[in-house]
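Worksheet for the structure shown next.
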Amino acid sequence: MGIKVSEFGKTSKGSEAHLYTVVNSRGMAMEVSDYGATLVSIIVPDAKGRMDDVLLGYGDVQDYEKGTCYFGACIGRNGNRVKNAQAVIGGKVYQMEKNEGENSLHSGSEGYSGIIWDAEADPKENSVRFHHTGADGEQGLPGTFDVTVTYTLTDENEIRIHYEGISDKDTIANMTNHGYYNLAGHASGNVENHVLWLDASAFTPVGEGMIPTGEILDVEGTPMDFRVAKKIGRDIGADYEQLKIAGGYDHNYVLPESNGSIRRIAQVTEETCGRTMEVLTDAPGVQFYAGNFVESRPIGKEGVVYGKRSGLCLETQGFPDAGHHEAFPTTVLKAGDKYDTTTIYRFGVLSE
Ligand code: BGC
């Protein structure tokens, strides 16, 4: 048990970054950094009790600055893409940064994955709390946004990520964590043999620039269906337009109604080592991204070279580009309302 703080290098602008190492009573460890409120490592046992790091990442803060994959990053105020980088709030358009062609991805270069957060370790709760006050106009969005992200490592081998925020003007709040998982160990290569169960009977297809078309499509009879667990690699190369457009799975899945409560929405299993990961959340959607564009520039932690599909993401979220689609639940946070959402990654092993 306990929390250790160590140095994590200096950013290119000279700010010092820190690493918080949190350990639970069962020996599981999680590391988080105040740079980007980033999840840096997750060390968990496999079915034989062997420990390994199951999260892709870098060795120091400057590599995180250079990286383009958002390894373990906290994304905000708005995750995923916005068409023409135009956020719509109450009928008004707010111009965000165009950082992916004409569109915005993960809130642009002022996004929360690239800032130093105020950090507070709470050894009693086995938590690290990150706080940021986003200025009115930050990322092109209105409102002073007071935001806290808390990472807790429980004795049930869960990582709980709790997002809380409040704004003095209507704004967008749609945050996520961009962890890339490889349950066989971050250095073990391709995740196509991981088995995924996903509790979603529909997804939001995309068109040009990976922007949602606005449709909500049933997964029935398509390679997108993970309601019966299957290997990620089984259908990833299928002759199916959505998989071709995205280069594999990279889609927002529509989750069952949550009514504000946290429910279990996914399970990932790696059969050779026996590790499992369940995902629980109150969010309406999840981006299942199979790491189709992962690359090691720079080289990963421990000198590991990552490649295509070395890790998979299950980014819990509001629907992408929600402001442009009536049928999608809103991601607008009203002035004075509380933004409050939780996602849990729970680690276990297959029983014999
Ligand atoms: C997106 C991918 C993108 C990745 C890294 C994911 O959230 O869905 O399309 O390549 O982030 O930016």
Side-chain angles (χ1 to χ4, degrees), residues 36-39 55-58 63-83 85 96-114 139 161 163 172 174-182 191 196 198 200 203-213 224 226 232 236 241-255 265-266 268 279 281 283-298 300 306-322 325 328 331 343 345:
T38 304
L39 245 181
L55 191 79
L56 276 57
Y58 295 116
D63 286 349
Y64 276 97
E65 285 188 292
K66 288 180 214 139
T68 54
C69 294
Y70 297 90
F71 286 159
C74 170
I75 309 285
R77 302 181 188 184
N78 181 58
N80 216 294
R81 297 179 169 85
V82 180
K83 188 176 183 182
M96 299 181 73
E97 183 190 340
K98 296 181 177 180
N99 66 327
E100 193 189 56
E102 286 300 297
N103 306 318
S104 158
L105 174 66
H106 300 326
S107 302
S109 56
E110 281 182 35
Y112 289 167
S113 52
Q139 305 165 2
I161 312 178
Y163 305 86
I172 305 279
N174 177 25
M175 298 180 62
T176 193
N177 182 274
H178 209 302
Y180 288 73
Y181 297 90
N182 186 323
V191 292
L196 172 67
L198 194 52
F203 73 105
T204 54
V206 292
E208 202 186 324
M210 293 283 289
I211 297 292
T213 60
M224 309 304 283
F226 284 90
I232 288 168
I236 201 166
E241 195 195 7
Q242 283 299 312
L243 291 172
K244 295 241 146 75
I245 292 177
Y249 297 105
D250 189 0
H251 293 84
N252 173 59
Y253 278 80
V254 178
L255 298 175
I265 59 110
V268 185
V279 184
T281 188
V286 65
Q287 185 84 8
F288 166 42
Y289 173 47
N292 309 308
F293 300 105
V294 170
E295 56 174 9
S296 245
R297 257 187 288 155
Y306 303 124
K308 180 176 174 176
R309 301 193 183 133
S310 289
L312 66 95
C313 305
L314 288 162
E315 305 155 60
T316 55
Q317 62 184 3
F319 294 10
D321 198 33
H325 306 287
F328 291 3
T331 50
T343 293
Y345 295 91

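In this text the structure is predicted, and so the values were computed from the model without any measurement. In each ligand, atom 1 is the first atom listed, and ligand 1 is the first ligand listed.
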Requested in this report: If you have a sec, work out which protein heavy atom is nearest atom 12 (O) of ligand 1 and how many Å separate them, to one decimal?
Outcome: Y70 CD1, 3.4 Å
Query raised in the report: Does K308 have any side-chain contact (heavy atoms from CB on, under 4.5 Å) partners at least two apart in sequence or in another chain, and if so, which?
Result: none
Query raised in the report: Are any of the N/O atoms in T68 less than 3.5 Å from those in ligand 1?
Result: no
Report summary line: of all protein heavy atoms, closest to atom 7 (O) of ligand 1 is E315 OE1, 2.7 Å
Query raised in the report: Is E295 atom CD crowded by more than 12 heavy atoms from other residues, nucleotides or ligands, each under 6.0 Å away?
Result: yes
Query raised in the report: Mind checking whether F203 and F288 have ring centres under 6.0 Å apart?
Result: no
Query raised in the report: Which residue owns the protein heavy atom closest to atom 10 (O) of ligand 1, what's the atom, and how far is it?
Result: Y289 OH, 3.5 Å
Query raised in the report: Among protein heavy atoms, which sits nearest to atom 3 (C) of ligand 1, and what does the distance come to when rounded to 0.1 Å?
Result: R81 NH2, 3.9 Å
Query raised in the report: Mind checking whether Y180 has an N or O less than 3.5 Å away from an N or O of ligand 1?
Result: no
Report summary line: Per-atom filter on ligand 1: closer than 4.0 angstrom to a heavy atom of H106 are 6 (C), 7 (O), 11 (O), 12 (O)
Requested in this report: Could you tell me whether H251 approaches ligand 1 through its side chain, its backbone, both or neither, with non-hydrogen atoms closer than 4.0 Å?
Outcome: neither
Query raised in the report: Relative to the heavy atoms of Q287, which atoms of ligand 1 are at a distance of less than 4.0 Å?
Result: 8 (O)
Query raised in the report: Is there a donor-acceptor contact under 3.5 Å linking the side chains of N292 and R309?
Result: yes
Query raised in the report: Using a heavy-atom cut-off of under 4.0 Å, does the side chain or the backbone of L105 touch ligand 1, or both, or neither?
Result: side chain
Query raised in the report: What residue and heavy atom of the protein are closest to atom 11 (O) of ligand 1, and at what distance?
Result: H178 NE2, 2.7 Å
Report summary line: In this structure, atom 2 (C) of ligand 1 is nearest to the protein heavy atom D250 OD2, 3.1 Å
Requested in this report: Among Q317, Q287, E315, R81, find the residue that satisfies the side chain to side chain donor-acceptor pair (under 3.5 Å) test when tested with N252.
Outcome: Q317
Query raised in the report: Any donor-acceptor pair under 3.5 Å linking the side chain of S107 with the backbone of G76?
Result: yes
Requested in this report: Assess the pair Y180 and Y306: is the distance between their ring centroids shorter than 6.0 Å?
Outcome: no
Query raised in the report: Is a donor on one side and an acceptor on the other found under 3.5 Å between the side chain of H106 and the backbone of N80?
Result: yes
